[in-house]
Enquirer: 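Have a look at this one before I ask anything.
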Amino acid sequence: MKIRTLTAGLLAACLALTACGKEGGPSDGGDGGNGNGDTAALSYEVAEDVTVEGSPTFDQMKKTGHVVVGVKDDQPNLGYKDPTSGEYSGFDVEIARLISAKLGFDPKKIEYKAVPSAGREQAIINGDVHYYVGTYTINDKRKQQISFAGPYFVAGQGLLVAKDNEDIKGKDDLKGKKVCSVSGSTPIQNVRDEGLHQPGGEIVELQTYSQCVSELLNGQVDVVTTDDAILLGYAAQQPDELKVVGEPFTEEPYGVGLPKEDDALRDKVNDILEEAMEDGTWQEIYDATLGKSGTQAEMPEIDRY
Ligand code: GLU
């Protein structure tokens with residue numbers, strides 16, 4: 001009994017340090033510093049003889065023999081394409097792989113399509129992607145055009161500033177500032193609706209968050225705002241230059257974007273996510289990606305609207 005307790009204690013210490021038996025210390029997440037987590041250990045059994053009765057999207061996948069998934073490619077720990085290897089990694093990418101495997105398609109054969117925030121609805125409507133997994137907030141406006149499975153995670157809007165910035169500590173400090181966010185995103189809409197930058201400030205609207213981060217590093221904007229999960233990834237990549245400040249001030253439930261009329265596929269993806277929560281797969285994915293920084297989370301309850 002004593003030995004067991006000791007082992008458990010050691011294990012807990014290892015987990016807390018995230019460095020036991022691996023190269024790279026806690027500061028780089030144990031992944032050699034690329035900020036993409038340690039996902040090498042994750043793999044998903046590819047389901048056999050899958051049927052999704054009445055799903056035109058699934059029929060399409062079957063016909064072509066592969067899955068086209070819409071993702072982000074510039075969001076470390078979430079959806080990130082390694083510029084050298086071309087490999088995709090991150091929490092959202094793993095969720096996409098899990099779904100593919102449970103639909104009967106080897107995740108190795110996924111065709112990834114990077115689609116920025118403003119292009120998501122149209123990419124799904126056009127059939128350019130079979131499904132989309134990329135920090136995609138479920139909301140009523142978007143539900144008019146597409147449908148969502150999930151939520152599989154809940155983020156909140158946050159603020160990213162230069163490390164030496166002392167005057168922005170929360171959303172009430174944005175007055176008169178240059179605030180950068182992305183076209184077609186909920187955070188930019190929120191700043192606009194609430195006039196958080198007013199009086200005297202400016203919204204700088206770009207296509208991707210990595211473009212906003214470049215502007216911040218160049219001193220062209222004062223602050224980048226979007227989901228805390230996204231901002232923490234950038235801050236972890238450049239901890240000497242950037243920091244996330246304040247408390248999250250919205251709720252951003254992430255869903256898997258699907259064609260609007262395809263209720264059968266939505267039900268199936270909801271089943272897949274629910275099972276991943278129950279059998280611990282979701283937690284494994286979280287721990288190997290977003291959870292690398294030491295944060296904890298639980299999967300929210302599926303909303304079968
Ligand atoms: N979750 C927010 C949204 O869906 C912000 C992140 C993003 O643009 O992907 O608009």
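Order of appearance sets the numbers: ligands from 1, and atoms from 1 within every ligand.
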Enquirer: Indicate whether the side chain of Y152 and that of D92 have a donor and an acceptor atom separated by less than 3.5 Å.
Expert: yes

Enquirer: Which of the numbered atoms in ligand 1 are below 4.0 angstrom from a heavy atom of R120?
Expert: 3 (C), 4 (O), 7 (C), 8 (O), 9 (O), 10 (O)

Enquirer: Going by the closest heavy atom to atom 7 (C) of ligand 1, which one wins out of Y136, F153, Y209?
Expert: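 Nearest heavy atom to atom 7 (C) of ligand 1 lies in Y209.
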
Enquirer: Heavy atoms only, cut-off 4.0 Å: how does A155 contact ligand 1, side chain, backbone, both, or neither?
Expert: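 Neither part.
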
Enquirer: Tell me, please: is K72 in heavy-atom contact with ligand 1, that is, under 4.0 Å?
Expert: yes

Enquirer: Answer with yes or no whether V182 contacts ligand 1, where contact means a heavy atom under 4.0 Å from a ligand atom.
Expert: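 Flag not set, V182 not near ligand 1.
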
Enquirer: Between E121 and R142, does any NZ, NE, NH1 or NH2 come within less than 4.0 Å of an OD or OE carboxylate oxygen?
Expert: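 Salt bridge: yes.
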
Enquirer: Check this for me, if you would: do E205 and R192 make a salt bridge, where the nitrogen-to-carboxylate-oxygen distance has to be below 4.0 angstrom?
Expert: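 Result for this pair is yes, salt bridge flagged.
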
Enquirer: Going from OG1 on T225 to CD1 on I168, what distance comes out if it is rounded to the nearest 0.5 angstrom?
Expert: 10.0 Å

Enquirer: Considering only heavy atoms of T226, which atoms of ligand 1 have at least one such atom less than 4.0 Å away?
Expert: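 The atoms of ligand 1 under 4.0 Å from a heavy atom of T226 are 5 (C), 6 (C).
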
Enquirer: For T137 and ligand 1, does the shortest N/O to N/O distance drop below 3.5 Å?
Expert: yes

Enquirer: Any ion pair linking K109 and D106 (charged N to carboxylate O, less than 4.0 Å)?
Expert: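 Salt bridge between D106 and K109, a charged N being under 4.0 Å from a carboxylate O: no.
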
Enquirer: Under 4.0 Å from a heavy atom of Y254: give me the atoms of ligand 1 that qualify, with their elements.
Expert: 1 (N)

Enquirer: One residue to check: Q189. Relative to ligand 1, which of side chain, backbone, both or neither has a non-hydrogen atom less than 4.0 Å away?
Expert: neither

Enquirer: Determine whether the side chain, the backbone, both or neither of S117 has a heavy atom under 4.0 Å from any heavy atom of ligand 1.
Expert: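 It is the side chain that touches ligand 1; the backbone stays farther off.
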
Enquirer: Taking the minimum heavy-atom distance to atom 4 (O) of ligand 1, which of R142, E252, Q75 ranks first?
Expert: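 Nearest heavy atom to atom 4 (O) of ligand 1 lies in R142.
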
Enquirer: Does D167 come within less than 4.0 Å of K177, counting only side-chain N to carboxylate O?
Expert: yes

Enquirer: Do NZ/NE/NH1/NH2 and the carboxylate oxygens of D59 and K62 come within less than 4.0 Å?
Expert: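 The answer is no: the pair does not qualify as a salt bridge.
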
Enquirer: Could you tell me, atom by atom, which parts of ligand 1 come under 4.0 Å of a heavy atom of T135?
Expert: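 Once the distances to T135 are compared, the set is 1 (N), 2 (C), 3 (C), 4 (O), 6 (C), 7 (C), 9 (O).
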
Enquirer: Heavy-atom contacts with I230 under 4.0 Å: which atoms of ligand 1 show up? List them by number with element.
Expert: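 Contacts of ligand 1 toward I230, numbered from 1: 6 (C).
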
Enquirer: Give the numbers and elements of all ligand 1 atoms closer than 4.0 Å to a heavy atom of S185.
Expert: 8 (O), 10 (O)

Enquirer: Are the side chain of N77 and the backbone N or O of L290 linked by a donor-acceptor pair below 3.5 Å?
Expert: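 Side chain of N77 to backbone of L290: no pair is present.
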
Enquirer: For Y80 and S89, does a side-chain donor sit closer than 3.5 Å to a side-chain acceptor?
Expert: no

Enquirer: Look at the side chain of E298 and the backbone N and O of P300, then say whether any donor-acceptor pair between them is shorter than 3.5 Å.
Expert: no

Enquirer: Quick one: does ligand 1 sit under 4.0 Å from the side chain of D227, the backbone, both or neither, non-hydrogen atoms only?
Expert: side chain

